[in-house]
2 protein chains.
Amino acid sequence: MTKDDSSQITERKRGSGVKLVYDLLRDEILDLKLSPGSAIDEVQLAARFGMSRTPIREALVRLAGEGLIETLPNRSTMVSNIDFLGMPAYFDALVLMYRVTTRLAAQHHTADNLVVIRVQQAEFSAAVAAQDALAMIATNAEFHSAIAAAGRNAYYGNFFDRLLGEGRRMLRLYYQSYEDRLPPRYVDEHEEIIAAVEARDVVAADRLGKAHGEQIVEQIGRLLTRNDRIDIEL
Amino acid sequence: MTKDDSSQITERKRGSGVKLVYDLLRDEILDLKLSPGSAIDEVQLAARFGMSRTPIREALVRLAGEGLIETLPNRSTMVSNIDFLGMPAYFDALVLMYRVTTRLAAQHHTADNLVVIRVQQAEFSAAVAAQDALAMIATNAEFHSAIAAAGRNAYYGNFFDRLLGEGRRMLRLYYQSYEDRLPPRYVDEHEEIIAAVEARDVVAADRLGKAHGEQIVEQIGRLLTRNDRIDIEL
DNA sequence: TCCGCAATCTTTGTCGACAAAAAAAATACA
DNA sequence: TGTATTTTTTTTGTCGACAAAGATTGCGGA
């Protein structure tokens, strides 16, 4: 199809191919470079990466395990569609995880956790200043992931990471609703969260996590119902 | 190693092999028929199932994606160990999911959901009566999974299913603490939950879900600290 | 022209074989 | 006897090839 593959036929170390394909495809899917519903051809990928179908296949199996691609038996495999009907459920879960992870971080964090969190916050702040939407999504996810890590619950952590990953495509809409110019208020909110965590103020952490999450929900809701609203508000 | 494989060399339909191996291995791992840490040999499995290594490999990749097996690069793959240190975190997440799913079920269930839930409850009740620990674990999981399905949130549902699955090995300890003779009280608790869901009583559903979950945590705690207690109570 | 059927094409699922990597065994040397 | 090095063995990762299952195309008959 496209011929602009930068055909890197470099020698790879044994076992590195799968991760390479997996990471790249995952990013391309989540950044919407591969549009939902578009077909995925194994032989084409094999040619593009200069390897056999076997490692490609393994990467695809893993992506399917995360629900990022769907496999019709004996037939095509394609990038999964964004489940718009499931968005309320998604944001419900996201808000709950915001709350739980922030709350746990306030309880269980150590000094080095705060260092990591501050680094991520700095990167997020830089992305907002640079108006780089993709970077904002990624660094925001890493910020909250760092907070989740400080909460010391691997089960919440995995689930949260999964949500943040799977939601990158939805979150993209959210950032687009600001035309990629996120108000600096969000950077401040992160700062408040850090302060609450550092002070081990569980109640404040919970409240801020909830507010932070619900703000996103509201903005998305505003985006999705914008047309309706215009009708209603006559 | 063992030679007692009932070598079923039956003809399989194309594409069914992976699921077969995946399901069977998963069950064997979760029922502790394959002990944590034991090695997994691809060629041996291939011989046992009468198929090539390729579909075996795909099943293993999926199991690894769920964290049920661990893969040392270029070296052995083995059944993952049970993370005892992570048990508090596990049960924390489990209780929260009990609460959330029960609560949502009270809000969003439909009539056919209740039918399914009652069927699962009947099977759970039968398993308790028969003192079949493995069946109790499986049917209990299916009962709560049915409740989660009634809650209409796929994200919670997936996470909850994953927790219930991954925890089957831990839960086994829990049932062993009763020597596989679960008090009928648990069957009654399920009945109460059903009643609260049916009455759309969100508050009661939340409270019952929480109590149900915390009871399990207490029993596990009692099991794990039993020796210490004897020392302390002199 | 339209519908049913057969031939062809495309893409997946599976296989057997081989090479690389790590461990285990064997050998040489002090 | 103990240790370092080489050889063998074991097990994984990758490959190219082939067969099966749909989809597509082409053809013939009404």
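For clarity, every value in this text was computed on a predicted model and none was experimentally measured. The sequence lines fix the lettering, A, B, ..., with proteins before strands; numbering per chain opens at 1.
- A/Leu45 places its CG atom 13 Å from the C1' atom of C/dT11, with the value rounded to the nearest Å.
- Heavy atoms of B/Leu60 sit nowhere under 4.0 angstrom from any nucleic acid atom.
- Across A/His144, A/Glu142, A/Met136, a single residue satisfies side chain to side chain contact (heavy atoms under 4.5 Å, CB included) together with A/Asn140, and that is A/His144.
- In this structure, CG on A/Leu20 lies 13.0 Å from OH on A/Tyr22, to the nearest 0.5 angstrom.
- In this structure, A/Pro73 and A/Val18 both approach DNA chain D, and ranking their closest nucleotides by distance from the 5' end singles out A/Val18.
- Between atom CE of residue B/Met78 and atom CG of residue B/Leu72 there is a gap of 7.0 Å, rounded to the nearest 0.5 Å.
- A residue-by-residue look at A/Ser76 and A/Thr54 shows that A/Ser76 has its nearest nucleotide of DNA chain C further toward the 5' end.
- Following rounding to the nearest Å, A/Arg14 (CZ) and C/dA21 (P) show an atom-to-atom distance of 6 Å.
- A salt bridge links A/Arg168 with A/Asp27: the distance from a Lys NZ or Arg NE/NH1/NH2 to an Asp or Glu carboxylate oxygen falls below 4.0 Å.
- Salt bridge absent: A/Arg162 and A/Glu66 never bring a charged side-chain N and a carboxylate O closer than 4.0 Å.
- Between the P atom of C/dA19 and the CG atom of B/Asn74 lies a distance of 16 Å, rounded to the nearest Å.
- In summary, the aromatic rings of A/Tyr155 and B/Tyr90 are positioned with their centroids under 6.0 Å apart.
- Distance check, rounded to the nearest 0.5 Å: CZ of B/Arg62 to CZ of A/Arg62 gives 14.0 Å.
- Rounded to an integer number of Å, the gap from CD of A/Gln44 to C1' of C/dT10 is 13 Å.
- Here the range on DNA chain D touched by chain A, meaning any atom under 4.0 Å from one of its heavy atoms, is D/dT12 to D/dA23.
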Filtered N/O pairs between nucleotides 6-9 of chain C and protein, under 3.5 Å:
none

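- Ring orientation note: the planes of B/His212 and B/Tyr98 are nearly perpendicular, at an angle over 60° on the 30°/60° scale.
- The distance from the OG1 atom of A/Thr71 to the CG atom of A/Leu60 is 7.0 Å, given to the nearest 0.5 Å.
- Here B/Ile56 lies out of heavy-atom contact (under 4.0 Å) with every strand.
- Taking for each of B/Ile40 and A/Arg75 the nucleotide of DNA chain D with the nearest heavy atom, the 5'-most of the two is the partner of B/Ile40.
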